[in-house]
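The structure appears below as structure tokens.
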Amino acid sequence: MTTTVRPEALAALDAADPLAAFRDRFHLPRDVVYLVGNSLGALPEAARARVAEVVDREWGDGLVGSWNTAGWFDKPRDVGELLAPLIGAAPGQVLVCDTTSLNLYKALFAALALRPGREVVVAEAHAFPTDLYMIEGALGTREGHRTRLIGRDAPDLASALNEDVAVVVLSHVDYRTGALTDLAEATRQARAHGALVIWDLCHSVGALPVDLDAAGADFAVGCTYKYLNGGPGSPAFVYVARRHQEAARQPLSGWHGHRAPFEFAVGYEPAAGIDRFRTSTPQVLSYAPLEASLGMWREVDLGQVRAKSLALTGLFMDLVESRLGAAGVEVVTPRDERRGSHVALRHEHSYGIVRALADRGVLGDFRAPDTMRFGFAPLYLRHLDVWNAVAAMEEAVATRAWERPEYANRPTVT
Ligand SMILES: *Cc1c(COP(=O)(O)O)cnc(C)c1O
């Protein structure tokens, strides 16, 4: 039992960790235990040099010629190919561009058009709200379509599905609880009813192996600034299975998705293949840190990432339950392996506890109304960090640190 876990034993696990060397390739402030890598990944050291290179050489010296000589025009496609192995995608199916919200919008329209005569979009009531907001915005422009929300209109996916369903939008890992959905099984269920699935991989890419091609997936979207460490606002990705590309049309038909953007023709004709999911000028500077990080990810064994993620989250849950359970801290995340790489806890004073932990150098985040989230990025966290985080929480809870008056004010971003 982990109630008897000792820090010396954890230090030994860290010493034997096959991923240990990656920690040195990140900039991490001293005396901080960073448990928010599921929201904004830490800075890979290699990113600095890449950013400097893009700014100084490609922009400064190369000027407009860099659209060709530095490959700026092809960034969405080229960086998409760097990312593709992390989501089990064969070449030619992934673009890195725009944001997750925008890519969801594009994928949704394309998927709806592939299922004419079906009017229902199934989504999860507990989805990350931007997904629901984008669906609402998209359906607001179309007559007749409506949503059916799992958790509000239907208890689960199986009962939400019927022959009216055009598209299902699902999160692979729940942003709040960390619960992991079986991607292959849910895809199979939806396909059995003739529906298409759009997967939101924001909380799974870089946290566990994802195998879209093997699952027969249709569409997927996700962001790169969480576990992939692409930097604040780094561009998102969109996956479109090759079999859908020829027929797929997306609504944000900007010039970079055109068959021949530099013909400056009057009418829109989509590019062949995945390129039709581009919209417009890539945010070149935002690709730089992501490229550096993805270069590092090429050396990473995702099986080792998954094993360490389960070990760190499991250790955290064990320690929290044994040390803080009696003080009213409840583990929300599933205890079996159906979980991603973050852990959600609940307590009456969650917000104040998160603030008190930050003042003790342990960074987590708060999700309204009462959830604390702690992300465990396997590339740069150690077993000892888990121990130290729980020790800090024990002290904060024992001293009712949430009572400090300054914690009554909440900043814009929690
Ligand atoms: C982080 C996250 C997003 C973010 O969307 P943006 O368009 O990048 O702001 C979307 N969906 C989920 C599930 C997320 O976790």
Side-chain angles (χ1 to χ4, degrees), residues 35-42 76 79-80 83 86-87 94-109 121-138 147 149-151 167-181 183 186 197-208 210 212 217 219-239 250 252 277 279-280 282-283 286-287 289-290 293 332-333 339-344 364-368 371-377 412-414:
L35 305 182
V36 205
N38 56 320
S39 181
L40 176 68
V79 181
L83 188 145
L86 297 174
I87 54 174
V94 182
L95 285 182
V96 168
C97 60
D98 302 325
T99 66
T100 301
S101 303
L102 289 174
N103 286 333
L104 177 61
Y105 194 85
K106 294 187 287 185
L108 179 61
F109 262 81
V121 174
V122 168
E124 300 156 301
H126 55 277
F128 190 91
T130 198
D131 295 24
L132 297 174
Y133 301 159
M134 295 310 282
I135 293 168
E136 201 180 311
T147 51
L149 295 187
I150 297 167
V167 181
V168 181
V169 180
L170 295 172
S171 285
H172 191 200
V173 172
D174 186 299
Y175 82 104
R176 223 187 294 246
T177 64
L180 174 69
T181 296
L183 188 146
V197 183
I198 303 172
W199 284 101
D200 184 326
L201 304 178
C202 281
H203 284 282
S204 50
V205 64
L208 57 138
V210 179
L212 292 175
F219 295 86
V221 299
C223 49
T224 62
Y225 49 76
K226 293 175 178 165
Y227 293 102
L228 293 186
N229 318 300
S234 60
F237 64 87
V238 56
Y239 162 95
Q250 60 102 348
L252 303 182
F277 276 77
T279 296
S280 53
Q283 292 82 350
S286 296
Y287 285 82
L290 175 61
S293 185
V332 177
T333 299
R339 63 178 192 263
S341 206
H342 72 269
V343 171
D365 71 11
F366 169 77
R367 287 293 172 261
T371 301
M372 302 177 250
R373 288 191 317 178
F374 300 94
F376 296 88
T412 313
V413 177
T414 58

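Ligands are counted one by one from 1 in listed order, and the atoms in each one are counted from 1 as well.
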Task: Inter-residue atom distance Ile87.CD1 - His172.NE2, 0.5 Å rounding - done: 11.5 Å
Open item on the list: Could you work out, with side-chain hydrogen bond (donor to acceptor under 3.5 Å, both in side chains) as the rule, every residue matching Ser280, not counting sequence neighbours?
Closed with: none
- [ ] Would you please name every residue forming a side-chain contact (heavy atoms from CB on, under 4.5 Å) with Ala207, sequence neighbours left out?
- [x] Tyr227, Ser341
Task: Check: Tyr239 and Leu201 side chains under 4.5 Å, non-hydrogen atoms - done: no
Show the atom names and distances, to 0.1 Å, of all donor-acceptor pairs under 3.5 Å that link a side chain in residues 125-133 to residues at least two apart or in another chain.
{"unit_1": "Thr130", "atom_1": "OG1", "unit_2": "Ser101", "atom_2": "OG", "d": "2.9"}

- [ ] May I ask you to test the Asn103-Leu95 pair for a side-chain heavy-atom distance under 4.5 Å?
- [x] no
TODO: Using a strict cut-off of under 4.0 Å between a residue heavy atom and any atom of ligand 1, list the qualifying protein residues by chain and number.
DONE: Thr99, Thr100, Ser101, Phe128, Thr130, Asp131, Asp200, Cys202, His203, Cys223, Tyr225, Lys226
